[in-house]
J.: 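Before anything else, here's the structure in question.
Hydrogens, waters and symmetry mates play no part in the numbers below; they use all other heavy atoms, side chains included. Whatever order the structure lists ligands and atoms in, that order sets their numbers, starting from 1.
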Amino acid sequence: MAGILNALVRTNKKTDIVMSVRDIKKIFMEGGQPLPILTGGGFDLAAGEIVALVGPSGSGKSTLLQCVGLLDKPTGGSILIDGTPVHQMTEEERTVIRRKKIGFVYQRHNLLSDFTALENVMMPMLANGVAEDLAAIHALKLLKAVNVDHRASHLPGEMSGGEQQRTAVARALANNPEIILADEPTGSLDPAHASAVFDLLLDIVRKKKMALLFVTHDMNLAARADRKITIENGRVNKL
Ligand SMILES: Nc1ncnc2c1ncn2[C@@H]1O[C@H](COP(=O)(O)OP(=O)(O)OP(=O)(O)O)[C@@H](O)[C@H]1O
Ligand SMILES: [Mg+2]
């Protein structure tokens with residue numbers, strides 16, 4: 001009986017892992033010379049888990065996030081998303097997985113400046129084939145969830161930094177992804193606004209049981225994660 005239970009627990013645990021990264025390597029070529037930034041190590045990310053990625057500037061945090069977020073290709077190692085190896089996929093296949101399963105909040109919020117807040121949030125849904133009227137309704141709901149629906153028709157240049165960042169959070173949530181990757185999501189905000197945007201992000205991620213991997217230099221924010229990982233001399237490790 002205990003054996004069966006253990007096996008069930010193990011099975012559950014296995015399916016719980018939404019992202020599994022092993023021996024990750026990224027070498028840039030700089031002036032004809034190899035520049036190793038990621039040199040090994042890895043991590044698992046379970047459904048609903050909140051993990052902080054910390055480390056000094058230039059240690060490779062954004063590089064790691066870009067690789068596991070399928071925006072860049074690692075030089076070596078493996079990345080599994082829901083058990084599927086994605087590191088060897090073609091660009092087209094990776095785009096499909098990224099659109100379906102991953103929401104990305106960039107280090108700089110990266111909203112499209114010629115489009116309104118509403119249109120920015122609609123964009124990932126339209127890319128996934130959602131009809132325009134449905135996308136608009138859902139985008140407005142998301143803007144409401146991050147308290148910026150009163151600025152839905154504003155261009156990014158007509159919004160405050162905090163409002164833009166909250167719009168970027170809404171955009172990352174648009175396709176209801178299993179995994180949110182956030183690169184210093186509140187890095188450009190003052191402490192009060194940073195805390196408010198971060199609270200919102202955590203609240204939504206917890207409610208929806210999404211996994212969140214976020215980069216931060218703020219130890220107070222890192223302390224609110226379930227656990228921390230870091231990059232030391234290129235190796236991705238538990239902290
Ligand atoms: N495309 C590239 N070509 C060459 N070197 C790069 C490239 N992208 C990043 N690097 C280098 O890789 C290193 C890690 O960069 P990365 O942006 O991942 O650091 P980071 O840990 O996110 O730093 P920060 O905390 O300042 O955002 C840096 O030294 C950077 O110059
Ligand atoms: Mg960075």
J.: Can you find a heavy atom in the side chain of R171 that is under 4.5 Å from one in the side chain of Y106?
T.: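 They are in contact (side-chain heavy atoms under 4.5 Å apart), so the answer is yes.
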J.: Would you say the side chain of L202 lies within less than 4.5 Å of the side chain of L212, judging by non-hydrogen atoms?
T.: yes
J.: So do E184 and H217 actually touch side chain to side chain, heavy atoms under 4.5 Å?
T.: yes
J.: With heavy-atom distances below 4.5 Å as the criterion, would you say the side chains of V51 and D226 are in contact?
T.: no
J.: Distances under 2.8 Å only: what protein N/O/S atoms are near the Mg ion (ligand 2), ordered by chain and residue?
T.: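 Sorted hits: S62 OG, Q107 OE1.
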J.: What are the two closest non-hydrogen atoms of D44 and S20, and how far apart are they?
T.: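 Heavy atoms only, the tightest pair is OD1-OG, 2.8 Å.
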J.: Is D72 salt-bridged to K26, cutoff N-O under 4.0 Å?
T.: yes
J.: Write out the protein residues near ligand 1, meaning a non-hydrogen atom under 4.0 Å from one of its atoms, in order of chain and number.
T.: F28, E30, L35, I37, P56, S57, G58, S59, G60, K61, S62, T63, Q107, E184, H217
J.: Side-chain contact, heavy-atom cut-off 4.5 Å: V105 with D183?
T.: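 Result no, sub-4.5 Å side-chain heavy-atom pair not found.
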J.: Determine the minimum heavy-atom distance between K25 and T39, stating which atoms define it.
T.: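 It is CE-O, 3.7 Å.
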J.: Please lay out, stage by stage, how E178 and K100 fare under the test salt bridge (Lys or Arg N to Asp or Glu O under 4.0 Å).
T.: CA-CA 8 Å; E178 284 173 14; K100 277 195 187 148; over 6 Å; no
